[in-house]
Student: 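Below is one structure. I have some questions about it.
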Amino acid sequence: MHSFRKRGLLVISVLLVLMIVIGCKNDPASSEDNPGGNNDTDDVVYFDEIKIMAPTFETTAPPADNEWEQATEELTGKKINMNWVPNVSYEDRMNVTLASNDIPEIMVITGKTPGFLNSAEAGAFWELTDYLDDYQYLGQYNEDILRNASVNGRVYGIYRERDVMRSTAIIRKDWLEHLGLDIPETVDELYDVLHAFTFDDPNNTGADDTHGLIIPTWYGSLDTLSIWFGAPNVWGVEDGTFVPAFETEAYREALDWTKQIVDQGLVNPDFTTLSPDDWNNAMFNGAGGVIIDTYSRAMQVNNLFVDEAGSDDSDQYYVEITGTLRAPDGEEYGHPTDGYAGFLAIPKTSVQTEEELHEILSFLDVLCSPEGINLLNHGIEGVNYQLDDEGYLVPLETEEAQALNPYTMEQISMFGDGMHRMKAEGELPKKRYQLMEDNEDYAVFNEAAPLVSEVYTTRGTQLDDIIEDARVQYIAGQIDESGWNAAVDLWYNSGGQELVDELTQLYGEMN
């Protein structure tokens with residue numbers, strides 16, 4: 001209780017300081033004290049040094065003026081003053097910093113947290129919506145990701161790009177080969193594989209000891225399945241009105257399909273109690289032959305088999321991956337991430353004029369260039385890495401490279417083309433990256449991703465739990481269709497209708 005009270009007072013303090021600062025900015029006398037703000041000369045330099053606040057996951061913050069930082073300064077032509085803050089305390093430090101007299105020109109924002117949103121709505125950060133297209137590299141943003149990272153359509157930060165496509169079915173390769181089955185390409189073919197893995201003795205023991213699909217108490221698999229069937233990603237829009245995914249025909253089709261495979265015994269019977277921590281081992285030990293999750297999990301499970309076999313052949317792999325599966329209607333729908341992990345925002349207190357803003361954006365534009373993104377993410381060529389004859393990145397294992405590794409600048413990396421890639425060693429990694437690239441064309445993004453809802457902020461967890469609990473109870477046979485419909489009614493009566501109305505209004509205002 002006390003910590004929440006302190007945070008509430010802190011946010012109020014931040015807002016009061018911002019109101020004072022913004023008021024001073026609009027005071028004509030204040031403008032006269034800063035004649036450089038109205039100077040149209042192109043070669044005027046407003047910042048001899050750029051202060052940047054960013055999180056670090058290292059136990060000790062990188063020292064100032066390390067070689068990696070110096071290389072970034074050389075590339076951009078700007079002196080950099082990095083304020084590295086431990087990630088565990090970053091949100092609190094951000095709020096404290098905004099209430100102080102020492103605000104950096106650039107701040108990493110890790111997400112749409114209440115502290116950031118309150119500050120953005122109070123005018124603490126520059127809205128960049130109309131500026132990015134003026135720059136060579138900043139203007140190369142992905143429109144879907146920029147939209148997802150926005151606040152009700154307003155861009156307050158330059159997003160830090162992450163992989164868009166991660167979802168796949170992961171299948172035991174030895175079971176496919178033993179039964180003479182092809183890798184499924186549709187959800188109907190996936191059903192055939194699950195049935196065979198349950199009843200056709202895929203492990204050749206002669207015992208009834210396997211199941212097709214393994215589901216733990218983390219039910220992201222069900223979200224992916226519903227999208228593969230053609231349902232919206234959490235929220236869809238029909239005729240300008242927001243529609244929750246669970247109200248669509250495709251979602252109900254996926255729900256009934258999942259209930260069917262549970263009823264038929266194609267799913268591990270302990271799916272309501274199996275810990276996600278045991279997910280990989282359940283597949284490795286033969287409890288089931290299919291997992292629906294991420295490519296990263298596919299590599300984890302494959303490594304269990306690699307370790308067991310003691311194989312050093314990079315082309316030998318033990319699980320298959322499918323990427324997106326086609327829906328019963330023949331179309332392909334992919335389950336993406338939002339495509340970003342936080343963003344870089346520019347406070348108005350420290351960057352007070354458009355001329356100053358353009359100088360900061362020019363600095364960030366260089367960081368989005370091929371040279372910039374490679375430096376921030378990989379380090380110094382010839383020190384941290386080198387390129388082979390095919391242009392692939394090869395990390396160096398020298399003492400100098402290892403000494404620089406903790407000083408990585410990737411926390412301020414945004415997006416950009418021309419990133420050096422390591423050569424995929426082995427057939428499975430090659431297939432993974434190709435599927436990620438191919439499936440991106442079919443990504444179904446959450447229509448509500450950019451919207452900040454007051455109803456969801458206060459009642460979102462309760463509303464989500466109503467549907468999540470009912471979904472599990474329905475496929476487990478604990479409630480029937482009338483029970484499901486009652487849960488949907490409860491959702492609407494508990495604030496769901498208000499949420500629909502609010503999102504519809506915000507969407508209309510954004511568009």
Student: Between Phe229 and Tyr251, is the ring centre distance below 6.0 Å?
Tutor: no

Student: Would you please name every residue forming a side-chain contact (heavy atoms from CB on, under 4.5 Å) with Lys259, sequence neighbours left out?
Tutor: Asp263, Tyr474, Ile475

Student: To the nearest 0.5 Å, how far apart are CG in Leu367 and CE in Met414?
Tutor: 5.0 Å

Student: Would you call Pro216 and Asp270 a side-chain contact if the rule is heavy atoms closer than 4.5 Å?
Tutor: no

Student: How long is the span from the CG atom in Leu396 to the CG atom in Leu404, to the nearest 0.5 Å?
Tutor: 11.0 Å

Student: Can you name the residues that form a ring pair (Phe, Tyr, Trp, His ring centres under 6.0 Å) with His178, not counting sequence neighbours?
Tutor: none

Student: Strictly by salt bridge (charged side-chain N to carboxylate O under 4.0 Å, His left out), give each pair with a member in residues 210-230 just once, sequence neighbours left out.
Tutor: Asp223-Arg471

Student: So, taking the atom named CZ in Phe246 and the one named CD1 in Ile467, what distance separates them when rounded to the nearest 0.5 Å?
Tutor: 4.0 Å

Student: Taking the side chain from Lys112 and the backbone from Ser150, do they hold a donor-acceptor pair closer than 3.5 Å?
Tutor: yes

Student: Does the side chain of Thr113 pick up a donor-acceptor pair with the side chain of Glu91 at under 3.5 Å?
Tutor: yes

Student: Just grab all the salt bridge (charged side-chain N to carboxylate O under 4.0 Å, His left out) pairs involving residues 184-202, residues at least two apart or on different chains.
Tutor: Glu185-Arg326

Student: How far apart are the C-alpha atoms of Thr97 and Met53, what are their side-chain angles, what is the distance that settles it, and do they pass the side chain to side chain contact (heavy atoms under 4.5 Å, CB included) test?
Tutor: CA-CA 9 Å; Thr97 300; Met53 180 174 168; 3.6 Å; yes

Student: Side-chain contact test, heavy atoms from C-beta onward, threshold under 4.5 Å: evaluate it for Val108 versus Phe343 and give yes or no.
Tutor: no

Student: Nearest 0.5 Å, what's the CG-OG1 distance between Leu117 and Thr457?
Tutor: 7.5 Å

Student: Would you please name every residue forming a salt bridge (charged side-chain N to carboxylate O under 4.0 Å, His left out) with Asp438, sequence neighbours left out?
Tutor: none

Student: Within the supplied structure, the quantity of interest is the number of heavy atoms (other residues, nucleotides, ligands) at a distance under 6.0 Å from Tyr407 OH; does it exceed 12?
Tutor: no

Student: Can you run down the side-chain hydrogen bond (donor to acceptor under 3.5 Å, both in side chains) pairs that involve residues 361-370, sequence neighbours left out, and say none if there aren't any?
Tutor: Ser369-Glu371

Student: Within the distance-only criterion (no hydrogens, no angle test), does the side chain of Asp388 pair as donor or acceptor with the backbone N or O of Gly391 below 3.5 angstrom?
Tutor: yes

Student: Once rounded to the nearest 0.5 Å, what's the spacing between atom CD of Glu410 and atom CG of Asn377?
Tutor: 6.0 Å

Student: If you count every heavy atom of other residues, nucleotides or ligands that lies below 6.0 Å from Arg162 atom CZ, does the total exceed 12?
Tutor: yes

Student: With ring-ring contact (aromatic ring centres under 6.0 Å, His included) as the rule and sequence neighbours excluded, what pairs involving residues 408-428 come up?
Tutor: Tyr159-Phe415, Tyr385-His420

Student: Of all residues at least two apart in sequence or in a different chain, which pass the salt bridge (charged side-chain N to carboxylate O under 4.0 Å, His left out) check with Arg154?
Tutor: Glu121

Student: State, with a plain yes or no, whether a side-chain heavy atom of Val151 is found less than 4.5 Å away from one of Pro450.
Tutor: no

Student: Applying side chain to side chain contact (heavy atoms under 4.5 Å, CB included), run through Phe305 and Val319 and close with a yes or a no.
Tutor: CA-CA 9 Å; Phe305 289 104; Val319 299; 4.2 Å; yes

Student: Does CG in Asn285 sit with more than 12 non-hydrogen atoms of other residues, nucleotides or ligands closer than 6.0 Å?
Tutor: yes

Student: I want to check something: taking the side chain as every heavy atom from C-beta on, are Leu213 and Asn268 in contact at a cut-off of under 4.5 Å?
Tutor: no

Student: Would you list the pairs meeting salt bridge (charged side-chain N to carboxylate O under 4.0 Å, His left out) in which at least one residue belongs to residues 62-76, sequence neighbours left out?
Tutor: Asp65-Lys79, Glu73-Lys79

Student: Please check if the number of heavy atoms outside Tyr442 that lie under 6.0 Å from its OH is greater than 12.
Tutor: no

Student: Can you sort out the partners of Lys51 under side-chain contact (heavy atoms from CB on, under 4.5 Å), two or more places apart, ordered by chain and number?
Tutor: Glu49, Asn81, Asp102, Pro104, Glu105

Student: Keeping the roles fixed (side chain from Asp163, backbone from Met165), state whether a donor-acceptor pair exists under 3.5 Å.
Tutor: no

Student: Could you grab the distance from atom CG of Asp315 to atom CD of Glu427, nearest 0.5 Å is fine?
Tutor: 4.5 Å

Student: I would like to know whether Arg172 and Glu320 meet salt bridge (Lys or Arg N to Asp or Glu O under 4.0 Å); could you show each step before the answer?
Tutor: CA-CA 6 Å; Arg172 282 191 61 141; Glu320 286 289 0; over 6 Å; no

Student: For residues Tyr295 and Tyr433, establish whether the separation of their ring centroids is below 6.0 Å.
Tutor: no

Student: Are any side-chain N or O atoms of Ser221 and backbone N or O atoms of Ile292, one a donor and one an acceptor, separated by less than 3.5 Å?
Tutor: yes

Student: Between Trp279 and Ile214, is there a donor-acceptor pair closer than 3.5 Å when you use the side chain of the first and the backbone of the second?
Tutor: yes

Student: Which heavy-atom pair separates Ala487 from Ala470 by the least distance, and what is that distance?
Tutor: CB-CB, 3.4 Å

Student: If I compare all heavy atoms of Val472 with all of Phe271, which pair ends up nearest, and what's the gap?
Tutor: CG1-CE1, 4.4 Å

Student: Contact between Ile106 and Ile412 at the side-chain level, heavy atoms closer than 4.5 Å - yes or no?
Tutor: no

Student: Ignoring hydrogens and geometry, is there a side-chain-to-backbone donor-acceptor pair from Ser89 to Val85 under 3.5 Å?
Tutor: no

Student: Give me each pair satisfying salt bridge (charged side-chain N to carboxylate O under 4.0 Å, His left out) with a member in residues 278-299, each pair once, sequence neighbours excluded.
Tutor: Asp293-Arg297

Student: Look only at the side chain of Asp338 and the backbone of Tyr340, and say whether a donor-acceptor pair between them is shorter than 3.5 Å.
Tutor: no

Student: Test your reading of the model: is there a side-chain donor-acceptor pair from Gln316 to the backbone of Asp312, 3.5 Å cut-off?
Tutor: no

Student: Hey, are the side chains of Asn87 and Thr56 touching, using non-hydrogen atoms and a 4.5 Å cut-off?
Tutor: no

Student: Start with the C-alpha distance between Asn374 and His378, add both sets of side-chain angles, then the distance that settles side chain to side chain contact (heavy atoms under 4.5 Å, CB included), and finish with yes or no.
Tutor: CA-CA 5 Å; Asn374 282 300; His378 301 312; 3.3 Å; yes

Student: Would you say that Trp228 contacts Glu332 through its side chain, given a criterion of any heavy-atom pair below 4.5 Å between the two side chains?
Tutor: no

Student: With sequence neighbours left out, write down each residue that passes side chain to side chain donor-acceptor pair (under 3.5 Å) with His211, or none if nothing qualifies.
Tutor: none

Student: State whether the side chain of Thr408 and the backbone N or O of Asn405 hold a donor-acceptor pair below 3.5 Å, judged by distance alone.
Tutor: no

Student: Take Leu194 and Leu190 through the side chain to side chain contact (heavy atoms under 4.5 Å, CB included) test and state the conclusion after the steps.
Tutor: CA-CA 6 Å; Leu194 299 181; Leu190 176 64; 4.3 Å; yes

Student: Establish, yes or no, whether a centroid distance under 6.0 Å links the rings of Phe284 and Tyr318.
Tutor: no

Student: Quick one: does any side-chain atom of Thr322 pair with a main-chain N or O of Ala169 as donor and acceptor, under 3.5 Å?
Tutor: yes

Student: Can you find a heavy atom in the side chain of Tyr333 that is under 4.5 Å from one in the side chain of Asn233?
Tutor: no

